[in-house]
Protein chains: 2
Amino acid sequence: MEDIIRSLGYLTLGSRLKRIGEQLQADTQRMLDGLEVPVQSSQYPLLAALDRLGPLPVGELAQSLGITQPGVTRSVALLTELGLVEVVQSDGDQRRRMVSLTGNGQRLVSRAKRDVWPRIENAVADLCRGLTGPLLEQLSAIEDGLAAAPLERRVKQDAVP
Amino acid sequence: MEDIIRSLGYLTLGSRLKRIGEQLQADTQRMLDGLEVPVQSSQYPLLAALDRLGPLPVGELAQSLGITQPGVTRSVALLTELGLVEVVQSDGDQRRRMVSLTGNGQRLVSRAKRDVWPRIENAVADLCRGLTGPLLEQLSAIEDGLAAAPLERRVKQDAVP
DNA sequence: CTTTGTTATATAACATGTAATGAACAAGGT
DNA sequence: ACCTTGTTCATTACATGTTATATAACAAAG
């Protein structure tokens, strides 16, 4: 069965990148399923941003993640519900709402940084190992690689000694 | 403002691909807005698949697009509503529903193939021109390129002489 | 020819992106 | 002191992907 998105080349590059991204996220999700944490893989960038940059207002969080503000507002509401982040009114400007990690959120990120993220990085690096050449060929190699062995089967057991 | 998704490298490759794909689709949408057709850019792959492969049952359409069957069912309902595709029961197996382009759908695809798709392909090819090297660097170049000049400003006026 | 498993599609519920709009607040000129 | 205007965030409506499940049609076996 011909893969149309692949056949159409540059014309459907957007659809193709989106599709590969979704597949990678789904694979990553399966790697995370072992943890007892009820957080989707797509929420980790937000947590990582707070961990890396410290408390941020909603708008700057959106900028640093490259998504729009309503998306951040919704994710923050979800993660607040889960007790992983909290929101306080800014001291100066009453419009700004500073988002920060809670203790639980900080603990989750620390654990992920130690136990999980290195595995994911290794698995993706393994998937992309040796890739060179034109973009479309690299994408085909990634698609073929994921079909042959999804991320969760690319974890090196000695990745975190 | 640091771009977290970009900074995290392989760890967030999935989010990054998805984000670039969405941006490309949005740019493409703006290139299509000149047409009077109320079809989102994301629907074109389905139309292209029918044009290229002929009438297909829902399941095979899903396979050829690399998405799941419920997604196809919904898109087919939408495009049927717009009069661009139609569904007939298969002759043999009454479970299968063959999807095909209507006259209007065929005309839309023909027009797109002649007037619009070459421009999009050219614009994306221009964006990706000269890209080589590791995947993450190519992605950065694409992000920078889109920020510098979105697709709609990359259309060569003589692309379709 | 009924029962039982499989296949094809539809439907519902959810996730997560977008754009558009409105409310609250800040800031500046008169 | 007030308007006006811009900024920040929440809310709503939509698009489009997913998974899980229901339903209908077919196939195979007694």
Side-chain angles (χ1 to χ4, degrees), chain A residues 5 12 14-30 32-33 38-46 56-63 65-82 85 87-99, chain B residues 5 12 14-30 32-33 38-46 56-63 65-82 85 87-99:
Chain A
I5 303 291
T12 52
S15 298
R16 192 170 180 189
L17 291 174
K18 194 176 167 206
R19 196 178 70 176
I20 299 174
E22 280 163 356
Q23 195 179 348
L24 275 175
Q25 286 186 320
D27 276 32
T28 302
Q29 183 61 50
R30 280 197 296 278
L32 292 170
D33 280 347
V39 180
Q40 302 270 344
S41 61
S42 44
Q43 302 297 333
Y44 279 92
L46 195 157
L56 285 178
V58 171
E60 288 182 32
L61 200 41
Q63 262 188 273
L65 294 169
I67 64 175
T68 55
Q69 166 262 310
V72 170
T73 295
R74 191 194 309 165
S75 284
V76 166
L78 172 72
L79 294 171
T80 300
E81 198 67 28
L82 295 173
V85 307
V87 167
V88 298
Q89 290 297 328
S90 164
D91 283 351
D93 189 331
Q94 289 304 108
R95 290 167 303 183
R96 304 175 86 193
R97 297 180 60 228
M98 300 298 291
V99 184
Chain B
I5 303 291
T12 52
S15 298
R16 191 170 180 190
L17 291 174
K18 195 176 165 206
R19 196 178 68 175
I20 298 174
E22 281 163 354
Q23 194 179 348
L24 275 175
Q25 286 185 322
D27 276 31
T28 302
Q29 183 60 52
R30 279 198 296 277
L32 292 169
D33 280 346
V39 180
Q40 302 272 344
S41 60
S42 44
Q43 301 296 333
Y44 278 91
L46 196 156
L56 285 177
V58 172
E60 288 182 34
L61 199 41
Q63 263 188 272
L65 294 170
I67 64 175
T68 56
Q69 168 262 310
V72 171
T73 294
R74 192 193 308 169
S75 284
V76 166
L78 171 72
L79 293 171
T80 300
E81 197 67 30
L82 294 174
V85 308
V87 166
V88 297
Q89 291 295 327
S90 163
D91 281 352
D93 188 333
Q94 288 304 111
R95 293 169 300 183
R96 304 175 83 193
R97 300 179 61 227
M98 302 296 290
V99 184

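Here the structure is a predicted model, which is why all the values come from computation and not from measurement. Letters A, B, ... mirror the listed sequences (proteins, then strands); counts begin at 1.
Between the CZ atom of A:Arg96 and the P atom of C:dA27 there is a distance of 11 Å, given to the nearest Å. Rounded to a whole Å, the CG atom of A:Leu65 is 14 Å from the P atom of D:dC9. Rounded to an integer number of Å, the gap from CD of A:Gln23 to C1' of C:dA15 is 18 Å. A:Gln63 has its CD atom 14 Å from the C1' atom of D:dC9, to the nearest Å. Rounded to an integer number of Å, the gap from A:Leu17 CG to D:dT16 P is 18 Å. Distance, A:Leu79 CG to C:dA15 P: 12 Å, rounded to whole Å. For B:Gln29 and D:dA15, the CD to C1' distance is 11 Å, given to the nearest whole Å. In this structure, the CD1 atom of A:Ile5 is 13 Å from the P atom of D:dT16, given to the nearest Å.
Note that the CG atom of B:Leu17 and the CZ atom of A:Arg19 stand 12.0 Å from one another [nearest 0.5 Å]. Separation of atoms CG (B:Leu61) and OG (B:Ser75) is listed at 9.0 Å; rounding is to 0.5 Å.
Within the 4.0 Å cut-off from OP1 or OP2 of C:dT16, at least one side-chain nitrogen or oxygen of A:Gln43 is found.
The side-chain contact (heavy atoms from CB on, under 4.5 Å) search around B:Thr28 returns B:Leu32, B:Ser41, B:Ile120, B:Leu151, not counting sequence neighbours. In this view, B:Val88 and B:Met98 satisfy the side-chain contact (heavy atoms from CB on, under 4.5 Å) rule, not counting sequence neighbours.
Among the atoms of the strands shown, none is found under 4.0 Å from any heavy atom of B:Gln89. Using a 4.0 Å heavy-atom criterion, one finds that A:Gly92 contacts the sugar-phosphate atoms exclusively.
Using a 4.5 Å cut-off on side-chain heavy atoms (C-beta onward), A:Leu56 and A:Val99 make no contact. At least one side-chain heavy atom of A:Val76 sits less than 4.5 Å from a side-chain heavy atom of A:Leu46.
Position along DNA chain D of the nearest nucleotide to A:Thr73 versus B:Ser42 favours A:Thr73 as the more 5'-ward residue.
Looking at B:Asp33 and B:Gln29, their side chains do bring a donor and an acceptor atom within 3.5 Å of each other.
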Scoring nucleotides 18-24 of chain D by protein non-hydrogen atoms under 4.0 Å (B base, S sugar-phosphate only, - none) yields BBB----
